Amino acid sequence: MSEAEKTTGPAAAAERRCGFVTVLGATNAGKSTLVNALVGAKVAIISHKVQTTRAPIRGIAIEGPSQIVFIDTAGIFNPKRRLDRAMVDAAWSGLEDADAVLLVIDAVTELDDDTAQIVERLKTARMPRIAVLNKIDRVEDKTKLLTLAKTLDGQMAFDRIFMVSALDGKGIADLRIYLAGIVPAGPWHYSEDDVTDVPMRTQAAELTRECIYRFLHQELPYTTTVETTDWKAFKDGSARVEQTIYVERDSQKKIVLGKGGATIKRISTEARRSIEEMAGHRVHLFLFVKVRENWESDPERYREMGLPFPKT
């Protein structure tokens, strides 16, 4: 018997359901915020910077006898660089084993070319297809939501269209209940306490990257990356965590460090708090900044991020 089947819950294992739901959408549609809201915990970092999410991230939610595994993906857009192609390829690969797909649409900006291309490609998908109009809290004229839903329905026969605000939680419960009812019957893949299958070292690196984007949104390109190089647990329950922030040029290194090291100190303080909240114990965080030129051409870097390496 698996650990998931041993877990006590609201229903017997024989009644359980479990399925994978891939979350797609154009950049900055609010996919990661939506996944965090559906899971009820922070499993994906968020930022105003486009393409914050890189490799697909799994977030796990429980609704009654159902376990729903959400696959948060990078925003779909027209890729130009190798890293762009890797992220978009990884996003589409999330459909391969999905039991359902959510298309998240920014209800404020409505339908753009990237979203239209996603809709076109989803026409051949055989799993249930659900459209989610997000950020409805920012739409003053609610009749626009009905017009947008009608436009979507005219482009493709979605199984359902939901209107939600991932930020304030409106409509989230209804969406989660609906998904719990359409995932297939079967044993849970994860234990009841799991909210993600992302290793803690990777989560910690992502939280630090989130802080970098928060403080240096305009100054740094999204190619900046973070790696957790060491995690040493101490007897008092705390841990020493070492991370390296990689940039592409020496000028970017100076930006991350800041005058007299002021910027890196701010990043370290906020990242440490986030990592401690995630880990549930005290953390001693040490950050290093290194220049890694042309890392986009290094297959090893893609492997560390969980992305395929495009050959061309």
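Here the structure is a predicted model, which means the values were calculated and not measured.
Interatomic distance, CD1 of Ile57 versus OG of Ser32, reported as 6.5 Å (0.5 Å rounding). A distance of 8.5 Å separates OG in Ser165 from NZ in Lys170, rounded to the nearest 0.5 Å. We find the CG-CG distance between Leu102 and Asp72 to be 10.5 Å, quoted to the nearest 0.5 Å. Here Glu120 contributes atom CD and Gln117 contributes atom CD; the two are 9.5 Å apart, rounded to the nearest 0.5 Å. Going from atom CG of Leu216 over to atom CD1 of Ile245 covers 9.0 Å, rounded to the nearest 0.5 Å. The distance from the CG atom of Leu148 to the CD1 atom of Ile161 is 8.0 Å, given to the nearest 0.5 Å.
Electrostatic pairing of Asp106 and Lys135 counts as a salt bridge here, judged by a charged N lying under 4.0 Å from a carboxylate O. Remark: Arg272 engages Glu276 in a salt bridge, criterion side-chain N to carboxylate O under 4.0 Å.
What you find for Ala41 and Val195 is that their closest heavy atoms are CB-CG1, 4.2 Å. In plain terms, the two heavy atoms of Met163 and Ala149 that are nearest each other are CE-CB, 4.1 Å. The nearest pair of heavy atoms linking Ile267 to Phe215 is CG1-CD1, 3.7 Å. The heavy-atom pair separating Gly25 from Ile118 by the smallest distance is C-CD1, 3.6 Å. Of all the heavy atoms in Ser66 and Ala180, the pair that sits closest is OG-O, 2.7 Å. The nearest pair of heavy atoms linking Gly59 to Val39 is C-CG2, 3.6 Å.
Side chains of Ile68 and Arg176 form a contact here, defined as non-hydrogen atoms less than 4.5 Å apart. You'll find the side chain of Leu103 stays beyond 4.5 Å of the side chain of Arg129, heavy atoms only. Here the side chains of Ile62 and Trp188 are in contact, with some heavy-atom distance below 4.5 Å. Looking at heavy atoms from C-beta onward, Leu152 lies in side-chain contact with Leu111 at the 4.5 angstrom threshold. Two residues are said to be in side-chain contact when any heavy atoms from C-beta on lie closer than 4.5 Å; Ile136 and Val164 fail this criterion. At a threshold of 4.5 Å between non-hydrogen side-chain atoms, the residues Leu24 and Leu122 count as touching. Using a 4.5 Å heavy-atom threshold, the side chains of Phe162 and Ile130 count as touching. The shortest distance between side-chain heavy atoms of Asn134 and Val108 does not fall below 4.5 Å.
Residue Glu227 is tested with Arg201, Arg292, Arg209 for a salt bridge (Lys or Arg N to Asp or Glu O under 4.0 Å); the sole match is Arg292.
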Task: Intermediate values then yes/no, side chain to side chain contact (heavy atoms under 4.5 Å, CB included), Lys42 and Leu207 - done: CA-CA 10 Å; Lys42 184 173 183 176; Leu207 289 171; 4.1 Å; yes
Task: Step-by-step side chain to side chain contact (heavy atoms under 4.5 Å, CB included) determination, Asn36 to Val43 - done: CA-CA 6 Å; Asn36 289 341; Val43 296; 3.4 Å; yes
TODO: Kindly determine whether Val23 and Val132 satisfy side chain to side chain contact (heavy atoms under 4.5 Å, CB included), including the steps that lead there.
DONE: CA-CA 10 Å; Val23 183; Val132 180; over 6 Å; no
Open item on the list: Checking Leu38 against Ile172 for the side chain to side chain contact (heavy atoms under 4.5 Å, CB included) test, could you report, in this order, the C-alpha distance in whole Å, the side-chain angles of both residues, the deciding distance, and whether it holds?
Closed with: CA-CA 6 Å; Leu38 287 165; Ile172 296 299; 3.8 Å; yes
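Using modelled atom types and a 3.5 Å distance limit, the side chains of Ser191 and Asp193 yield no donor-acceptor pair. A donor-acceptor contact closer than 3.5 angstrom links the side chains of Asp112 and Thr115.
For Thr263 (side chain) and Lys259 (main-chain N/O), no donor-acceptor pair under 3.5 Å exists by modelled atom type. In this structure a side-chain-to-backbone donor-acceptor pair under 3.5 Å is present from Thr229 to Glu242. Asp97 places no side-chain N or O within 3.5 Å of a backbone atom of Phe20 that could act as its donor or acceptor partner. At distances below 3.5 Å, at least one donor-acceptor pair connects side-chain atoms of Gln203 with backbone N or O atoms of Val198. Although no hydrogens or angles enter the test, the distance criterion places a donor-acceptor pair under 3.5 Å between the side chain of Gln243 and the main chain of Ala204. A distance-only check finds a donor-acceptor pair linking the side chain of Gln67 to the backbone of His189 [under 3.5 Å]. In this structure, Thr244 contributes its side chain and Phe288 its backbone to no donor-acceptor pair below 3.5 Å.
Side-chain heavy atoms closer than 4.5 Å link hydrophobic residues (I, L, V, M, F, W, Y) into clusters, and following such links, possibly through other members, connects Met127 to Met156. Hydrophobic clustering (side-chain heavy atoms under 4.5 Å, transitive across Ile, Leu, Val, Met, Phe, Trp, Tyr) keeps Val241 apart from Phe286. When hydrophobic clusters are built by joining Ile, Leu, Val, Met, Phe, Trp and Tyr residues whose side-chain heavy atoms come closer than 4.5 Å, directly or via intermediates, Leu167 is not grouped with Val139. No continuous path of ILVMFWY side-chain contacts below 4.5 Å connects Leu34 to Ile177, so the two sit in separate hydrophobic clusters.
Take Leu257 and apply the side chain to side chain contact (heavy atoms under 4.5 Å, CB included) test, not counting sequence neighbours, and it matches Lys253, Ile264, Val289. Not counting sequence neighbours, the partners of Arg58 by the salt bridge (charged side-chain N to carboxylate O under 4.0 Å, His left out) test are Asp197.
For Arg160, the CZ atom sits in a packed shell: over 12 heavy atoms of surrounding residues, nucleotides or ligands are nearer than 6.0 Å. In Asp236, the CG atom is crowded: over 12 heavy atoms of neighbouring residues, nucleotides or ligands sit closer than 6.0 Å. Annotation: Lys123, atom NZ; neighbour count of heavy atoms from other residues, nucleotides and ligands within 6.0 Å is above 12.
A cation-pi arrangement is absent between Arg240 and Phe234 under the rule of less than 6.0 angstrom and at most 45 degrees off the ring axis.
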